[in-house]
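For clarity, every value in this text was computed on a predicted model and none was experimentally measured. Chain letters run A, B, ... following the sequence lines, proteins first, then strands; residues in each count from 1.
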Amino acid sequence: MSISVSVQANGPQASVTLRGTLDSMSQAMLKQQLEPVLANGSVSQIRLDFSGVQSMEAASAGMLMMLSHTAKARNKAIGIVNANAAVLALMHKANLGKVLSIQ
Amino acid sequence: MPSIRTHIWNGRPAPCEHDTLPIARIGTVQPHGVMMVVVPETGAVEHVSANVEEILGVPARLALGQPPMACFRDPESAGRLAEILRPGRRFFDNPTPLSANGRRFEAICHLRNGRLFIEIEPYVDAEHDYQSMVQAAMEQIARQTTVAGLYDAAARMMHHCTRYDRVKLYKWLSHGNGVVVAEHHAPDSKLPASFLGYHFSAADTPETAKEILRTGKTRQKPTQRGSVPLLTRGPDGEPAPSGDAVDMTDCWLRGIHPCDNGYNRNLGVGSNIIFPVCMDNTLWGLFVVHNKEEKFLNYDSRAVIEQMTMMFVSRLIELEANEARMGERQQLAMQMIGTIEGAQAMLAATAAARGSHLQAVRPHAMHAVSRHVAALAPTYVSANGVDAAEPGRPEDRFCADLLRVADADGAAVVRTGPGGHVHLVGSTPDALTVRGLAGLFGTRLPAFEEGGWRVFATDALADFVPGGAELRRVASGLLAAPIGSRGDMVMWFRRERVVDAVWAGRPPTTAELNSEAMFRPRSDFAAHRAPLAGASRPWLESEVLLAAQFAAAVGEFWQRQQRPAAPPPAPAPATPLAFGAMEPDQPLVVDQAQEPEPVGTMPALGFGFMPAPVAPSRWTSVG
């Protein structure tokens, strides 16, 4: 398995911790795991903790953009935190910061 | 861990003369912008393009060795450049607006190999603002429910953002050739010729160009007017060509090879942009955007299209998996593992049962169960002895399911060790050939490395393994995954699918591929009909992943069976069966004399014992 996801919701904030490699084949699992969070009306902020993500590939950047689109449509904000240097470099190359918040 | 896509081998079989062109280190820059390569530690310009005087009004010899601010007298621009040069910066909020010589520019910055690249492009207005473009792209991509619809929508959106004359979506096929799968024309297109459905030869893209495209780097060529040299200080302190000193892989302004310029001119194209479509660091295809006249697209528009390309890939993976019913096939694979586990439990229980009335029932039961799952069970019963194991028939449910899991025309399970055999299902090469193929992993075919996905797929086996027409006919497509690490393997095959292809120009012959002709721009794009043979339907990434997971799950089960969890029940006395052969890798053989009735007479022993499926967590969702 290339990615594992754990979700903790605390009031309006949901924290999603990812571990592994985010690639074309793991994106379906991430989407599936995030669906309840996106459907949760009391959550307004979703924090994706990338500290355990070793690498990420372009299709996953596309998936994160689509996710941000869905979240915005449901009045939620998505932010990415703790990405490592390699992942951060890919995010910047993809101009992901123009679509969602990266810290 | 390498992505699943790296296990799909569909490259160009024959090398081409122009494969080693030093494209990344071409030493030239496109004429519409200025490139500066800066040493971050000193802030001094180490390389600058020769057109710096023409565009910024500063001679190259004065720009070299100075900070980039020396070319910008406007204090606001100089301040922004100073911020770019701030020590420790790794990322840049591109683009940075600048002005010089009474003109507006945008600077695009990146770091590579310890050097700061500042590319200064002319400012042009975008067709739409960034936010509205990205919003429209997201909505269009998200709305699509079919792969074909996605292709068309993406091509339409490309035109929406660029307003170029023609957009082509080009998909790579086996042998490294490609086909245009979608096309969109501007209503007033000055390039009315359509290439929809046309095939393009693998030789059109040198391997070094593909290497750069694989990084996801967009290639914009606003003009076909050639390039200007990149300069650095020579030994005498005067500007001299930089040659191949600078790796421009990530540069927008990287110069164009004359052959490439000629190719586009011969197509009647004045300006083009190529957006690579990458799936897990491999190249799926390209969006190729053409304009009759010279045209320049600003950075934000290119950024939106790059993002749209990423969204396109993400949605494509989903839709391809939906259309291939991968969710159902994953469930099926899990049920099959459950069946194998259940069958094994039943065999063990039957073998251990006591009572004389079981003497007759036992071989019937064991064979009935085994003939369905024999190939993939840790122990198996063969009615005719291990050397003559019956080929599975596609009408048998387990065999049919084995084919359905991979949507294959044929399958084989290769068992090694004492009594090893090849179990064939559907349309396959003969057992000897299958064994031969299995033996090629680690030599002609890649070894199955530990620590990653252990799987191999190709749509064009003959590109790697010489074989006759019969092998190509039944096994152009091969998907193979080892079970455990002793050489056992499951293979799926797809038949050759010969495509009656229309090519954009005659593809080069092998002799031409290895000649100087490859350094001359292609001029023939007229429709040329020639079959595209030697390849099967392509394997999807999700199918390859499922195959890897399936084989790994079978292997795990076999391994579990080897561990003595509890003392086994005492075997029944006076049994005619070879119970000593109940080790996982050993066959369990029914005597010829006791061959049971065909399974059709024993419906209760079919798949009615389906145990609970294996834990879903073992599987990565592909649906």
Side-chain angles (χ1 to χ4, degrees), chain A residues 1-6 18-35 38 53-74 78 80 83-103, chain B residues 1-5 90-94 110-111 130-131 134-135 137-139 141-142 215-217 250 276-282 284 299-300 302-304 306-318 321 326-327 452-453 541-542 544-546 548-549 617-623:
Chain A
M1 190 165 310
S2 52
I3 195 83
S4 70
V5 181
S6 67
L18 291 82
R19 289 190 190 286
T21 301
L22 204 46
D23 61 16
S24 63
M25 291 294 109
S26 57
Q27 62 164 3
M29 165 168 280
L30 178 57
K31 277 187 77 171
Q32 198 178 12
Q33 300 275 331
L34 286 176
E35 191 45 50
L38 289 166
V53 176
Q54 291 136 16
S55 65
M56 185 177 99
E57 291 171 308
S60 307
M63 185 269 296
L64 290 171
M65 291 174 212
M66 303 284 279
L67 204 62
S68 134
H69 172 63
T70 309
K72 270 183 196 155
R74 298 182 191 182
I78 286 194
I80 294 172
N84 71 26
V87 172
L88 212 50
L90 187 134
M91 287 176 177
H92 279 275
K93 195 172 173 184
N95 282 297
L96 211 55
K98 287 178 184 265
V99 180
L100 44 82
S101 132
I102 302 170
Q103 288 169 17
Chain B
M1 182 162 82
S3 73
I4 200 74
R5 195 162 170 92
R90 287 189 300 151
F91 304 115
F92 306 91
D93 297 321
N94 292 319
H110 74 273
L111 288 167
Y130 174 84
Q131 285 304 336
V134 82
Q135 188 66 23
M138 282 177 178
E139 282 170 10
I141 299 286
T215 69
K217 184 68 194 170
D250 291 333
V277 181
C278 294
M279 203 177 269
D280 294 341
N281 298 331
T282 61
W284 177 93
Y299 177 81
D300 271 353
R302 299 189 316 252
V304 168
E306 284 186 344
Q307 291 181 327
M308 187 171 72
T309 305
M310 291 172 200
M311 290 187 268
F312 168 85
V313 174
S314 172
R315 189 77 182 127
L316 178 66
I317 291 161
E318 278 183 333
M326 290 311 299
W453 296 116
E541 291 70 24
S542 47
V544 178
L545 176 63
L546 184 56
Q549 292 174 324
S617 60
R618 183 189 289 170
W619 305 77
T620 299
S621 175
V622 293

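Residues Q27(A) and S314(B) come closest through the heavy atom pair OE1-OG, 2.8 Å.
Heavy atoms closer than 4.5 Å to chain B are found in both the backbone and the side chain of K98(A). Looking at Q307(B), both its backbone and its side chain come within 4.5 Å of chain A, counting heavy atoms on both sides. Both the backbone and the side chain of A89(A) come within contact range of chain B, each with at least one heavy atom under 4.5 Å from a heavy atom of that chain. Using a 4.5 Å cut-off between heavy atoms, T282(B) makes no contact with chain A at all. Using a 4.5 Å cut-off between heavy atoms, F312(B) does not touch chain A at all. When heavy atoms are compared at a cutoff of 4.5 Å, E139(B) approaches chain A by way of both its backbone and its side chain. H92(A) touches chain B through its side chain: at least one heavy atom from C-beta onward sits under 4.5 Å away, while N, CA, C and O do not. With a threshold of 4.5 angstrom between heavy atoms, N94(B) approaches chain A through N, CA, C or O but not through any side-chain atom. For L88(A), the parts lying near chain B are the backbone and the side chain together; criterion is any non-hydrogen pair under 4.5 Å.
Note that OH of Y130(B) and CG of N95(A) are 6.0 Å apart. Values are rounded to the nearest 0.5 Å. For the atom pair S60(A) OG and D280(B) CG, the distance stands at 7.0 Å (nearest 0.5 Å). Taking CD1 of I4(B) as the reference point, atom CG of D23(A) lies at 8.5 Å (rounded to 0.5 Å). The structure places CE of M138(B) at 6.0 Å from NZ of K72(A), a figure rounded to the nearest 0.5 Å. Atom CE of residue M310(B) and atom CG of residue L90(A) lie 6.5 Å apart, to the nearest 0.5 angstrom. Here K93(A) contributes atom NZ and T215(B) contributes atom OG1; the two are 4.0 Å apart, rounded to the nearest 0.5 Å.
Contact of the I141(B) side chain with the H69(A) side chain is not registered, since no non-hydrogen atoms from C-beta on lie closer than 4.5 Å.
Heavy atoms of other residues, nucleotides or ligands lying less than 6.0 angstrom from CG of D93(B) number 12 at most.
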